[in-house]
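Throughout, a chain's letter reflects where its sequence line sits, starting with A, and its residues are numbered from 1.
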Amino acid sequence: MNLFADIRALVIDSVAALQSEGALPEGLGLDAITVEPPRDPLHGDMATNAAMVLAKPARQKPRDIAEALAGKLMADPRVTSAEVAGPGFLNLRLDPAVWQAVPRAILQTGTGYGRSVMGQGTKVNVEYVSANPTGPMHVGHARGAIVGDAMASLLAYAGYEVTREYYINDGGGQVDTLARSVYLRYLEAHGREVEFADGTYPGDYLVPVGAALKEKVGDAWLDQPEEVWLAELRGFATDAMMELIRADLAALGVQMDVFFSEKSLYGTGRIEEAIDSLKAKDLIYWGTLPKPKGKADDDWEEREQWLFRSTAFGDDEDRPVQKADGAWAYFAPDIAYHFDKVSRGFDLLINIFGADHGGYVKRLKAVVQAYTNGRVDLDIKLLQLVKLYKNGEPFKMSKRAGTFVTLRDVVEMVGADVARFHMLTRKSDAPLDFDFDKVVEQSKENPVFYVQYAHARICSVLRKAADEGWATDDATLSGGDLGTLGHEAELGLIRKLADWPRQVEIAARTHEPHRIATYLSELAADLHGLWNRGNDDLSLRFLQDTEAASQPKLALARAVAVVISAGLGILGVTPVEEMR
RNA sequence: GCACCCAUAGCUCAGCUGGAUAGAGCGCUGCCCUCCGAAGGCAGAGGUCAAAGGUUCGAAUCCUUUUGGGUGCGCCA
């Protein structure tokens, strides 16, 4: 059930009726017609811009169209008034019974209330995290993991067919660095003195990997040149790192469907195939790049190489696909990787990247556009930095001093639920402050707590009701007469509930899961507001003297809890039943 | 130098494919527990939506320019 969609459908039908009567011309575009809650509740329950949108193409005055539309809409039993206002808004009021049906519908459908079919089974691939397999994940990866996971859940809830995917960068030179670092730890495990030079990873997390290597190969690789062990150690080391990363993701509650290995593209001809197909379209050519301007030109030398013509797609420079030594640059396997995604039948690709990948966006979009002739859309979300605080003081992170904050640190300090919700309170292109103390604070400034508290309060009321021996199951609560839910404060809360499916669609359409967190905070505020109204007005309390009088109010409260559960479910957060 | 992102209340931020008098929390002022959890709520003060143009019946939202901040710019991934 989606009340706003229902009423919008009614508006569209009414426009069609006017068209068939000749009052409006045929062939009008109706997509821009919206039905929204008015900013000011005094304007009514819902407002539509239909008359204003249609005025120009229909060559009629907006208020005239609105008047005609009002007449049609009034014929529907759900609509009790339709007033033309301002430049041509049509403000609608609905029969209270329509609103009272909302909590009933929520209790009957459960957390599926708000699910949408807008995705229509569109196959979407959400690629996120994709952290290099060279060490444990840090706090920046955590934001990517959380936003990507919530994005995937949101789209699934909105009717898309979603695949969660991780691209493992296990093909490049950094893996050599990793392997050499593990080799040093391996020597150390054999009691040798080692030194971690620049260009190796000195982190402690490789100590057990070195020990495991000793277990596996014994002393066979001692005093051997790289040719003997490097190739095999690459695989051994990345496997160990991916195990670490999977465990980190699991600690956050993130589960991937696909781990795609960059390495798996090498030696199969697929990179060459992808490059050739772009050459055939004259999008990859042999040429030289201009010297970058305004940058220190220390050792720049002009060189001919294979270049991707990304300037044809609005990029400011063409991009090389090969390194100086003839090996593929990172970009080449990534082209093949995105071709692979397309070939797996995805209609929409979403990549969640860190802000430092900003320069990469245009060329990657260009690749997908070129390959699919624009059929498949690639949306890239760039996540801004997470700024860490402790007690309001910036929390310094330094890899050199070994004080960088890992994802695991965050989960252990504040818990996965708190980390997840908080990371989703800001849109992705805004930087995010994360204060280890504030995010666990139990006060209304902390949205995680605020929403959880609303849910716990409702659970508390239902427990009290159950203590009275009253029925609190959804079927009984929704089965009774909800006609007494007529107070403005109660109807206001119901309107908020009715807005949930709409917010889901907006969030899914814009690929912005943070809107779910924002909505939940607003819903919680409305719940707390109504709750306190009960201090002054006993008739607004959820618990009344009799079971019969309480039942509609409990149904409303329970409906709020269901929607909070649904929303938290999308965010991957567990609703709590009591605060401790 | 160029590209991308950002700029909304004193502070931190929401703001719907453009819609009516721009919202919330913190902070400030004043209130509300004999009462389902006050871990909460109500009311008040606080705004040139960075600036200037443009498109539109209508702009915080779209376009252009400017200013300020962040990120990136062949042989890292």
Side-chain angles (χ1 to χ4, degrees), chain A residues 31-32 34 36-40 43 47 49 52-53 55-56 61-62 85-89 91 130 132 134 169 171-175 262 288-295 299-303 305 307 314-320 322-327 329-331 334 354-362 382 384-385 425-427 429-431 433 441-447 449-450 452-454 456-458 460-465 499 502-503 505-507 509-510 514-515 517-519 521-522 525 528-536 538 541-544 550 553 557 578-579:
Chain A
D31 287 349
T34 59
E36 301 178 338
R39 183 166 292 156
D40 186 342
H43 288 135
N49 62 353
M52 290 181 289
V53 180
K56 184 170 269 185
K61 289 178 185 165
F89 281 104
N91 290 326
S130 299
N132 291 339
T134 55
N169 298 136
Q174 61 188 343
V175 181
E262 175 193 353
T288 60
L289 280 177
K291 191 166 110 179
K293 294 187 177 100
K295 235 189 118 201
D299 52 357
W300 169 267
E301 53 182 271
E302 194 166 277
R303 202 181 63 242
Q305 58 193 154
L307 296 168
D315 205 352
D316 46 315
E317 240 173 65
D318 289 339
R319 304 295 175 175
Q322 254 181 341
K323 299 186 207 173
D325 64 2
Y330 174 75
F331 188 32
D334 219 10
D356 54 344
H357 283 62
Y360 205 64
V361 171
K362 276 188 179 168
L382 294 178
Q384 296 300 314
L385 290 178
T425 55
R426 297 278 179 270
K427 55 186 173 214
D429 45 19
D433 289 350
E441 195 172 281
Q442 305 219 328
S443 78
K444 62 179 170 181
E445 7 174 358
N446 180 357
F449 164 79
Y450 192 72
Q452 291 281 29
Y453 183 36
R457 270 186 150 172
I458 294 164
S460 167
V461 167
L462 290 167
R463 280 194 298 269
K464 296 261 189 221
D499 201 32
R502 210 178 126 258
Q503 292 295 338
E505 294 196 347
I506 292 170
R509 188 178 64 232
T510 55
H514 80 276
R515 289 175 186 275
T518 303
Y519 170 83
S521 293
E522 290 170 5
H528 291 307
L530 177 58
W531 182 289
N532 279 279
R533 292 288 290 269
N535 289 336
D536 300 325
L538 297 182
R541 295 190 169 201
F542 294 109
L543 290 176
Q544 298 289 316
S550 303
K553 296 173 187 302
E578 58 184 332
M579 310 304 294

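Across every strand in view, rA7(B) sits in a pair with rU67(B) that passes the Watson-Crick or G-U test at under 3.5 angstrom. Searching all strands for a Watson-Crick or G-U wobble partner of rG1(B) with both distances below 3.5 Å returns rC73(B). Pair check for rU56(B) finds none; no Watson-Crick or G-U wobble contact set falls under 3.5 Å.
Below 30°, between 30° and 60°, or above 60°: for His357(A) and Tyr360(A) the angle between ring planes is above 60°, a perpendicular geometry.
For the pair Met52(A) and Pro87(A), the minimum side-chain heavy-atom distance is below 4.5 Å. Contact check for Phe542(A) versus Ile458(A): no side-chain heavy atoms found under the 4.5 Å cut-off.
Evaluation of Trp531(A) against the base of rG40(B) yields no stacking contact (centre distance < 5.5 Å, interplanar angle < 30° required). Put simply, His43(A) rests on the base of rA20(B): the two rings are less than 5.5 Å apart at their centres and nearly parallel, under 30°.
Look at CZ on Arg463(A): it is 14 Å from P on rC36(B), rounded to the nearest Å. In this structure, the OH atom of Tyr330(A) is 11 Å from the C1' atom of rC76(B), given to the nearest Å. Between the OH atom of Tyr453(A) and the P atom of rG25(B) there is a distance of 16 Å, given to the nearest Å. If you measure from atom CD of Glu36(A) to atom C1' of rU61(B), you get 13 Å, rounded to the nearest angstrom.
In terms of polar N and O atoms assigned as donor or acceptor, the side chain of Asp40(A) never comes within less than 3.5 Å of the base of rA22(B) in a complementary pairing.
Asp318(A) comes within 4.0 angstrom of nothing in the nucleic acid, heavy atoms only. Nucleic acid contact class of Ser443(A) (heavy atoms, under 4.0 Å, all strands): sugar-phosphate only. Contacts of Pro87(A) with the nucleic acid, taken as non-hydrogen atoms under 4.0 Å apart, include base atoms. At the heavy-atom level, Ala85(A) lies under 4.0 Å from base atoms of the strands shown.
Ring centroids of His43(A) and Phe89(A) are separated by 6.0 Å or more, keeping the two rings apart.
Distances shown here put a side-chain N or O of Lys323(A) below 4.0 Å from the OP1 or OP2 atom of rA77(B). Under 4.0 angstrom from either OP1 or OP2 of rC57(B) there lies at least one side-chain N or O belonging to Lys56(A). Look at Tyr450(A) and you'll find a side-chain N or O under 4.0 angstrom from OP1 or OP2 of rG41(B). Dashed line: the shortest gap from a side-chain N or O of Lys427(A) to OP1 or OP2 of rA14(B) is under 4.0 Å. At the phosphate of rG15(B), OP1 or OP2 sits under 4.0 Å from a side-chain N or O atom of His514(A). Residue Arg533(A) places none of its side-chain N or O atoms closer than 4.0 Å to OP1 or OP2 of rC32(B).
Taking only side-chain atoms of Asp429(A), from C-beta outward, the nucleotide of rG19(B), rG74(B), rC6(B) with the closest atom is rC6(B). The side chain of Asn532(A) sits closest to rG41(B) out of rA3(B), rC36(B), rG41(B).
Under the 3.5 Å distance criterion, the side-chain polar atoms of Asn446(A) are matched with a main-chain donor or acceptor of Glu441(A).
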